[in-house]
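See structure below.
All residue numbers refer to positions in the sequence shown, counting from 1.
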Amino acid sequence: MIEVPERLGWWRDRTGGAAWLESLPQLAEECAERWSLRLGEPFGQVHVSLTAPATLSDGGQAVLKLSFPEEESAYEADALTHWRGEGAIRLLEVDRERNALLIERADPGTSLWDVEDDEEATLIAASVLRCLWLRPPPDDHPFRLLADEAERWTAQLRSDWEAPSGGRSSSGSSTRRLRPPASSPGRRRSRRSATRISRAATS
């Protein structure tokens, strides 16, 4: 059975989050059996979803991703299917009942957070978005618009900031969820924007 990373513990403050965390080892085991996977230890530098390296039956490398069942992750599989690996990770399998994705493993898999130069990191994020925008979704797509998401984030951040707890929502707010492990305010602002843009693109 896998061990759930401590960094996902904040989900216990969200409705249904504690039960989801408790179910993760069993969900991972069920996915491993369904897709004939050999799972490694989950990645420790996670913020929202549980991700673990997986070896396929043919020896290929992949990643198992288990997300909390919520609106933000509802259409991630659809977005990855649409982009077909062009500017985004390829989707190999999906289990909607378990909110599980089997995706290709990025190599070398360097996190954008590890890029010290903020301008360079911003340019990398912009280049990825440019690739995504080259393949626009159809008119009847189910995805939420970035403009609508920006309005929602603004309202949520204002609500969190004005909360009695001094900007830290007791219900597991998005400020806690999206807080990046960066060392300076400038990096926090730009990386937070990149994180939100990328999540909106795959939600």
Side-chain angles (χ1 to χ4, degrees), residues 1-85 87-113 128 132 142-144 149 171-181 192 194-203:
M1 299 288 279
I2 66 169
E3 183 174 345
V4 178
E6 293 183 3
R7 295 183 64 147
L8 292 178
W10 66 268
W11 274 108
R12 297 187 185 280
D13 297 333
R14 292 283 299 272
T15 302
W20 176 69
L21 289 174
E22 294 297 324
S23 72
L24 284 176
Q26 180 64 34
L27 289 174
E29 187 174 298
E30 292 171 358
C31 289
E33 181 178 354
R34 176 178 179 181
W35 293 323
S36 301
L37 308 175
R38 187 171 70 253
L39 297 178
E41 289 297 318
F43 297 109
Q45 299 300 313
V46 293
H47 304 283
V48 180
S49 304
L50 182 140
T51 54
T55 301
L56 307 179
S57 58
D58 62 1
Q61 299 300 304
V63 170
L64 175 65
K65 179 177 182 180
L66 292 166
S67 298
F68 183 76
E70 60 173 349
E71 187 177 9
E72 284 197 18
S73 61
Y75 297 108
E76 184 173 4
D78 302 276
L80 293 177
T81 298
H82 172 73
W83 283 317
R84 301 183 304 188
I89 290 295
R90 288 189 304 113
L91 176 68
L92 305 179
E93 300 284 355
V94 58
D95 185 328
R96 296 185 186 275
E97 180 181 350
R98 296 178 175 85
N99 218 35
L101 304 179
L102 186 64
I103 54 181
E104 70 171 329
R105 182 167 181 175
D107 187 19
T110 303
S111 171
L112 192 62
W113 302 111
V128 172
L132 298 179
F143 312 119
R144 303 195 306 274
E149 286 298 279
S171 60
S173 70
S174 59
T175 52
R176 180 181 182 186
R177 172 175 179 172
L178 294 173
R179 184 181 300 139
R192 182 178 296 164
T195 299
R196 288 174 170 172
I197 289 172
S198 64
R199 282 191 61 77
T202 58
S203 294

Can you tell me how far [atom2] of [Y] sits from [atom1] of [X], rounded to the nearest 0.5 angstrom?
X   : Y    : atom1 : atom2 : result
L56 : R38  : CG    : CZ    : 10.0 Å
E70 : R14  : CD    : CZ    : 5.5 Å
E3  : E41  : CD    : CD    : 7.0 Å
L24 : M1   : CG    : CE    : 10.0 Å
L27 : E22  : CG    : CD    : 11.5 Å
C31 : L102 : SG    : CG    : 8.5 Å

Considering non-hydrogen atoms only, spot the tightest contact between [X] and [Y] and give its length.
X    : Y   : answer
S67  : N99 : O-ND2, 2.8 Å
L39  : A54 : CD2-CB, 3.7 Å
A88  : W83 : CB-CE3, 4.0 Å
I103 : I89 : CB-CG2, 3.4 Å
V4   : P25 : CG2-CD, 4.1 Å
P5   : P42 : CG-CB, 3.9 Å

Strictly distance-based, threshold 3.5 Å: is any side-chain N or O of [X] a donor or acceptor partner for the main-chain N or O of [Y]?
X    : Y   : answer
R98  : E30 : no
T81  : A77 : yes
E104 : R90 : yes

Is there a side-chain contact between [X] and [Y] in this structure, where contact means two heavy atoms from C-beta onward sitting under 4.5 Å apart?
X   : Y   : answer
L92 : W35 : no
T55 : Q61 : yes
L50 : I2  : yes

(Q) Among residues at least two apart in sequence or on other chains, which ones pass ring-ring contact (aromatic ring centres under 6.0 Å, His included) with W20? (A) W11, F68
Q. Salt bridge or not for E76 and K65, using N-O below 4.0 Å?
A. yes
